[in-house]
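See below for the structure under consideration.
Computed from heavy atoms alone, side chains included, the values below leave out hydrogens, waters and symmetry copies.
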Number of protein chains: 2
Amino acid sequence: MTEQTNVTAARLWIVLAKAYGSMAGWVEESIAAEGLGLSDFMVMEALLHKGPLTMTEISRKLLLANASMTSAIDRLERKTLAARTFDGEDRRIRRVALTARGRKLIEAIYKRHEQGLNDLMKDLSETERKAVYRGLKKIGFAAKAATGGKEKQ
Amino acid sequence: MTEQTNVTAARLWIVLAKAYGSMAGWVEESIAAEGLGLSDFMVMEALLHKGPLTMTEISRKLLLANASMTSAIDRLERKTLAARTFDGEDRRIRRVALTARGRKLIEAIYKRHEQGLNDLMKDLSETERKAVYRGLKKIGFAAKAATGGKEKQ
DNA sequence: ATCAGATGTTTCGATATCGAAATAAGATTC
DNA sequence: GAATCTTATTTCGATATCGAAACATCTGAT
């Protein structure tokens, strides 16, 4: 498409889906050697940056169904990379934290991941990054708001 | 984050993943009543806009494994929404086309989909859309190139 | 104090996805 | 013409996901 052609909303959605698919494929390939899938990796990444979180907090953050989160934490526990703990006050709650082993692994992986991302996006100026960031934020908020208040269980 | 803070590559990836997840959730919800999943919908959308395509062309376009494409076309054939045909020259090739019934359905769905997308993105100016479009194109190309030439089978 | 509604997580069964291998067919090299 | 390599699609078995329901627990109203 040319400089003069308008970018339709439909076209933007297609390009968003394609960019995400390509990025997800790249991330998956780069962590495959560690035996982690994309979801497991993103769980560990969230725990690395935000500290221990409840199952529901992680689900919401990653837009996964609660049943999927149960499975993902099962996998991470089985690999002794994360562990569930009880909440001091609310007995329904399970809080998830990285183990020492998990922290060590995700720190190493994340370092390479971050470097790879920097490399991937070196062609975008700071102005371009900000524009994409803001636009995606708007799109994400709008989509979330338009999706019938009912998130995945 | 503030106006002054830089947008890191890592941050941009997270926001991209989140925006995609929200958009995908919205699309899935809006087509659920028609008994279609996201992949099936996107296959039909591709066939609507590009005419009959080979299994491999659709797979590459939607970034799905060829086995997934086999299943998706099986589902669409079972619902008599699409059909495989043989290629005149290359007997390995199966070309997929919408049926009359499928075309009628996807035209109706797509009309609503397009209107919904316009609504979702009405807060983005044309300049903003172009910036997001260009940025996502760059990111998608870079990720594709960086993923070891080996696409999903 | 009791009850109804909401919340958090797990379980269950179903579905969509994938990698690898198998099969058929086309292209290229010798 | 034969052999080898590549391509297109399907099959197989495994995995990750999901919606709905079940269960336990908490909150708020009465």
Restricting to nitrogen or oxygen on both sides, can you table the protein-nucleotides 3-8 of chain C pairs closer than 3.5 Å?
{"unit_1": "C:dT7", "atom_1": "O2", "unit_2": "A:R92", "atom_2": "NH1", "d": "2.7"}

Sugar-phosphate or base contact per nucleotide [nucleotides 11-17 of chain C; S, B, -; heavy atom under 4.0 Å]: B----SB

Has the side chain of [X] got a donor or acceptor atom that lies under 3.5 Å from a matching backbone atom of [Y]?
| X | Y | answer |
| --- | --- | --- |
| A:E34 | A:I109 | no |
| A:K130 | B:N6 | no |
| B:E128 | A:A131 | no |
| B:R129 | B:M121 | yes |

Just how far, in rounded Å, is [atom2] of [N] from [atom1] of [X]?
| X | N | atom1 | atom2 | result |
| --- | --- | --- | --- | --- |
| B:I58 | D:dT10 | CD1 | P | 11 Å |
| A:M69 | D:dC18 | CE | P | 9 Å |
| B:I73 | D:dT10 | CD1 | C1' | 13 Å |
| B:D87 | C:dA27 | CG | P | 11 Å |
| B:E89 | C:dA27 | CD | C1' | 14 Å |
| B:E29 | D:dG19 | CD | C1' | 13 Å |

Heavy atoms from other residues, nucleotides or ligands near NZ of B:K61 exceed 12 (cutoff 6.0 Å): no

Which residues pass the side chain to side chain contact (heavy atoms under 4.5 Å, CB included) test with [X], not counting sequence neighbours?
| X | value |
| --- | --- |
| A:K137 | A:Y133, A:F141, B:V15 |
| B:A142 | A:L120 |
| B:T54 | B:T56, B:E57, B:I93, B:R95 |

Distance test, side-chain N/O of A:R84 to OP1/OP2 of C:dT10, below 4.0 Å: yes

Sugar-phosphate, base or nothing in reach of A:R95, heavy atoms under 4.0 Å: nothing

Partners passing ring-ring contact (aromatic ring centres under 6.0 Å, His included) against B:Y110 (at least two apart in sequence or in another chain): B:H49, B:H113

